[in-house]
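See below for the structure under consideration.
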2 protein chains.
Amino acid sequence: MNNYSKQREAILEVIKENLIHPTAEEIYELVIKKEPQISKSTVYRNINILFELGEIKKIKSAIGPDRYDYSYKKHSHIICEKCGQIFDFDYNFDNKNILKKAIEQIGKKIDIDNIVIYGICENCKSKNKIKEE
Amino acid sequence: MNNYSKQREAILEVIKENLIHPTAEEIYELVIKKEPQISKSTVYRNINILFELGEIKKIKSAIGPDRYDYSYKKHSHIICEKCGQIFDFDYNFDNKNILKKAIEQIGKKIDIDNIVIYGICENCKSKNKIKEE
DNA sequence: TAAAAATTAGGAATGATTCCTAATTTAAAG
DNA sequence: CTTTAAATTAGGAATCATTCCTAATTTTTA
């Protein structure tokens, strides 16, 4: 692992250029424009490698497949469980204290990578209130 | 939706009794002991209904299928991205402030349902340091 | 420049979940 | 009660996302 390949480079570029939290499928559709011969398995394999290397973040959406994120700047995510929409969220969690409590409660240190707030957004909430026919 | 069915009741009971964040498959294996005729699609359908109703929580694990949780008490989760382990985490997030910042940043109110900390646990971190053969 | 290691394309295989349908169960109405 | 309507079920087919497999190619090493 960790050798040069133009495919891997193109995939990382696409993820860097598209800050829309694309799915693997979407990454494939974008990267195929640059590397028309690329196969889907190569996209999946390299996404996983880039994630392992810590170059990109994996976001477990509430709905549909996983999404990926290149973070120029550290941030969290808010995800709606009804519509699946993902919002970038810039918040200063007290990581030092979270870490301390985590060690107390689970007995081991955790390297915090991404904090995700799952909830229901206003739009989806109000939709629910309308009596369904 | 929302009518009586002994299958749905049995599924909810199983989730209440097993606080191990079971997957749909695991719920099926447990509930089949009580309702031997039950089908897997019934389990999936009812898990979704119970989630829609807000009776159970869905946890997007870093690894493998979704997991479910009946919460007698509100809590968060810490999930390891390498091994997929899920830890219950009792932490007092400043939800009022989070909500305020969220409205500022994304322009809409969010009903916070579950805060998840994705990271890498000590065990997995130390495994990585060992030179792989 | 030759040998070893890593990566690729492409398709098959797998795993999780949803969808479909006819039969059954539950609820509602007279 | 009985009848009718609505909801739910079992079971399997279908779908979707992802991983696995293999022979060929590319990259690295020495």
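Below, each value reflects all heavy atoms present in this structure, side chains not excepted, and no hydrogens, waters or symmetry copies. By convention in this document, chain letters (A, B, ...) are assigned in the order of the sequence lines, proteins followed by strands, and residues within each chain are numbered from 1. Since the structure is predicted, the reported quantities are computational estimates derived from the model, not experimental observations.
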#### Entry: Helical bend (five base pairs per end, nearest 10°) for the helix from C:dT1-D:dA30 to C:dG30-D:dC1
40°
### Task
Rounded off to whole Å, could you give me the CD-to-P distance for the B:Glu9 and D:dT9 pair?
11 Å
### Message
As a test of understanding, state which of A:Leu30, A:Asp69, A:Val31 forms a side-chain contact (heavy atoms from CB on, under 4.5 Å) with A:Asn18.
### Response
A:Leu30
#### Entry: Test side-chain contact (heavy atoms from CB on, under 4.5 Å) applied to A:Glu35 - qualifying residues, sequence neighbours left out
A:Lys6, A:Ala10, A:Gln37, A:Ile38
### Task
Would you please name every residue forming a side-chain contact (heavy atoms from CB on, under 4.5 Å) with A:Glu9, sequence neighbours left out?
A:Tyr4
### Message
Side chains of B:Lys16 and B:Tyr72, heavy atoms from C-beta outward: is any pair under 4.5 Å?
### Response
yes
### Message
Between C1' on D:dT27 and CD1 on A:Ile49, what's the gap in Å once rounded to a whole number?
### Response
14 Å
### Task
With a 4.0 Å heavy-atom cut-off, tell me which residues in residues 56-70 of chain B come close to DNA chain C, sorted by residue number.
B:Pro65, B:Asp66
#### Entry: Separation of atom CZ in A:Phe51 from atom C1' in D:dT18, rounded to whole Å
15 Å
#### Entry: Beyond-backbone contact of B:Asp66 with B:Lys60, side-chain heavy atoms, under 4.5 angstrom
yes
### Query
Within a reach of under 6.0 Å around NZ of B:Lys101, are more than 12 heavy atoms found that belong to other residues, nucleotides or ligands?
no
### Task
Evaluate the side-chain proximity of B:Lys82 to B:Lys125: yes if any heavy-atom separation is below 4.5 Å, no if none is.
no
### Message
Which is more 5' along DNA chain C, the nucleotide nearest B:Lys6 or the one nearest B:Asn48? Just name the residue.
### Response
B:Asn48
### Query
A:Gln7 side chain: which of C:dA9, D:dT8, D:dA10 is closest?
C:dA9
## Note on the structure
Ordered by number, residues from residues 25-47 of chain A within less than 4.0 Å of DNA chain C (heavy atoms) are A:Gln37, A:Ile38, A:Ser39, A:Ser41, A:Thr42, A:Arg45, A:Asn46
### Task
State, with a plain yes or no, whether a side-chain heavy atom of B:Ile79 is found less than 4.5 Å away from one of B:Ile59.
yes
#### Entry: Separation of atom CG in A:Leu12 from atom P in C:dT7, rounded to whole Å
15 Å
### Query
With a 4.5 Å limit on heavy-atom distance, are the side chains of B:Ile120 and A:Asp113 in contact?
no
### Query
Passes salt bridge (charged side-chain N to carboxylate O under 4.0 Å, His left out), A:Arg8 versus A:Glu55? Steps please.
CA-CA 12 Å; A:Arg8 187 172 308 157; A:Glu55 299 234 40; over 6 Å; no
Ignoring hydrogens and angles, write down the donor-acceptor pairs under 3.5 Å from the side chains of residues 85-96 of chain B, residues two or more places apart or on other chains.
from, atom 1, to, atom 2, distance (Å)
B:Asp88, OD1, B:His21, NE2, 2.9
B:Asp88, OD1, B:His75, NE2, 3.1
B:Asp88, OD1, B:His77, NE2, 3.2
B:Tyr91, OH, A:Asn97, ND2, 3.1
B:Asp94, OD1, B:Asn97, N, 3.2

